[in-house]
Amino acid sequence: MRTQVGIVGAGPAGLFLAHLLHRSGIESIIIESRNRTDVEQTVRAGVLEHWVVELMKELGLGERMTREGHFHDGITLQWNRQRHHVDIAGLTGGKRVAVYPQHEVLKDLIAGRLAAGGPILFGVGGTTLRDLDTDHPAIDFRRDDTGVLETIHCDFVVGADGFHGPGRQAIPAAHRTEYQKIYPFGWLGILTKAPLSWPELIYANQGDGFALLSTRSPDVQRMYIQCDPAGDIAGWSDARIWDELQTRLGTDGWSLTQGPIVQKGIISLRSFVCEPMQYGRLFIAGDAAHIVPPTGAKGLNLAVADVLVLSRALDSHYKTNSRDLLDRYSATCLRRIWKAERFSWYMTTMLHRNAHESDFEQRIHFADLDLVRTSAASARSLAENYVGLPFD
Ligand code: PHB
């Protein structure tokens with residue numbers, strides 16, 4: 001097989017890239033190790049920054065999102081049984097975020113890609129990236145059904161294959177530096193069949209720590225509680241989960257509306273950045289290159305930002321034969337990534353109870369929260385970051 005851009009991974013980075021390249025008249029092939037059902041059903045976070053919403057519409061992929069997404073003008077912060085509304089739209093000249101889960105975005109992107117006749121090969125194994133420092137890189141893989149070795153010859157290879165994929169590892173270790181922070185807490189996430197309890201997302205630090213109230217649809221709600229990342233989900237009965245959620249999200253005279261818990265699971269939290277994000281004719285994007293804890297709702301948005309930068313660089317390369325923007329891909333992306341890393345770390349440390357921190361540091365986090373309540377500059381900073389920083 002031969003194409004211009006070989007893309008490993010049909011997550012947000014790979015799929016958005018394929019659509020952006022198609023718009024520029026550049027061909028690509030996507031390969032993906034999971035099958036289509038797994039890709040479309042994995043439950044992940046769900047907040048789209050303002051410009052991602054606009055991009056979905058521009059690409060002709062925004063119809064269902066506009067209909068089924070929940071558009072929020074603000075978020076609520078809560079501590080000491082008090083709530084504080086952060087007027088995101090008012091602080092950012094009218095920008096709003098959409099709560100529209102990642103797997104719904106992926107369904108729309110996959111359907112759009114297949115309708116446009118663009119190839120996605122699902123369920124491939126043994127993916128190997130080679131000859132990346134030559135002008136004829138290639139991707140070897142096997143299809144699960146035939147087991148036959150196949151090769152995609154291309155001009156450029158993109159590793160959009162997540163944290164555990166082969167993309168990042170294909171950059172020789174001597175050519176990359178990795179920065180990492182593991183947090184000593186995880187999130188227990190649930191889906192519950194219950195009506196909406198509150199009109200916007202609530203980020204709380206109360207009782208034994210963090211809780212988040214989010215939504216999926218008028219009758220399915222998503223909620224998270226800070227927990228031990230090594231804990232066993234079996235130790236969390238439904239009664240214990242509701243008890244903790246009520247303690248952390250309750251205010252005087254108000255409690256959450258409960259319902260049957262239809263799914264639950266524990267995730268760990270990490271911050272991670274790989275520098276640089278390119279080697280020869282390989283470019284890595286999304287979780288392959290960086291991870292943020294979900295507290296700032298930045299993961300998917302950062303992946304889309306990477307591939308927007310990459311698509312512009314590839315467009316310029318094919319139109320003008322200049323490698324200038326491609327050579328600057330990593331540096332351009334990392335300026336935005338480190339700011340999102342900072343914001344996600346800030347939201348995470350401010351909103352969680354960390355047993356390894358002193359009482360002094362805990363007090364500082366509450367002062368940070370109170371600063372958002374009392375300082376317009378602090379509130380604006382949070383709002384600008386939450387809704388998505390402008391591109392350089
Ligand atoms: C979610 O709805 O899954 C969600 C929302 C906001 C976050 C993280 C997760 O910051």
Side-chain angles (χ1 to χ4, degrees), residues 11-12 41-50 52-53 65 68-78 85-86 88 95-107 183 185-205 209-227 229 241 245 248-249 256 259 261-271 287 290-304 340-352 369 372 382-389:
Q41 288 184 355
T42 307
V43 178
R44 303 287 293 272
V47 176
L48 308 184
E49 290 177 358
H50 176 78
V52 175
V53 169
M65 171 195 67
E68 296 176 17
H70 304 260
F71 291 85
H72 289 190
D73 287 341
I75 58 170
T76 298
L77 298 178
Q78 177 173 337
H85 169 69
V86 183
I88 305 267
K95 292 182 182 159
R96 299 188 299 169
V97 295
V99 182
Y100 187 62
Q102 174 164 321
H103 63 274
E104 301 298 343
V105 174
L106 294 181
K107 280 184 206 164
Y183 298 87
F185 32 77
W187 280 13
L188 189 165
I190 64 157
L191 282 173
T192 176
K193 274 203 155 66
L196 218 58
S197 281
W198 186 252
E200 56 191 23
L201 268 57
I202 304 178
Y203 290 85
N205 181 353
F210 176 79
L212 169 61
L213 177 70
S214 181
T215 185
R216 285 294 175 264
S217 69
D219 39 35
V220 178
Q221 312 309 323
R222 180 86 170 138
M223 302 177 198
Y224 300 94
I225 330 172
Q226 174 184 345
C227 66
I241 292 172
L245 283 167
R248 298 183 198 191
L249 289 164
L256 277 171
I261 294 177
V262 292
Q263 202 198 67
K264 55 183 170 184
I266 292 177
I267 57 163
S268 57
L269 269 59
R270 91 166 76 212
S271 297
D287 283 3
H290 42 78
I291 300 284
V292 286
T295 329
K298 289 280 154 268
L300 177 148
N301 299 291
L302 264 191
V304 186
E341 292 284 344
R342 183 209 70 85
F343 178 67
S344 305
W345 165 87
Y346 155 80
M347 290 287 278
T348 302
T349 49
M350 177 169 75
L351 286 160
H352 289 72
L369 281 164
V372 176
L382 191 153
E384 283 175 354
N385 280 277
Y386 194 83
V387 88
L389 291 173

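Remember, it's 1-based here, ligands and their atoms both numbered in the order they're listed.
Under the side chain to side chain donor-acceptor pair (under 3.5 Å) criterion, Asn301 pairs with no residue at all, not counting sequence neighbours. In terms of the ring-ring contact (aromatic ring centres under 6.0 Å, His included) criterion, Tyr100 has no residue partners (sequence neighbours excluded).
Residues with a heavy atom under 4.0 Å from ligand 1: Ala45, Gly46, Val47, Trp187, Leu201, Tyr203, Leu212, Ser214, Arg216, Arg222, Tyr224, Pro294, Thr295, Ala297.
Tested against Trp198 for a side-chain contact (heavy atoms from CB on, under 4.5 Å), the candidates Leu201, Leu196, Ile202 yield a single pass: Ile202.
Between Phe343 and Tyr346, the two ring planes are tilted [angle within 30° to 60°]. Ring-plane geometry between Phe210 and Tyr203 is classed as tilted, the angle between the planes lying from 30 to 60 degrees on a 0 to 90 degree scale.
Here salt bridge (charged side-chain N to carboxylate O under 4.0 Å, His left out) pairs that include residues 292-301, with residues two or more places apart or in two chains, are Glu49-Lys298.
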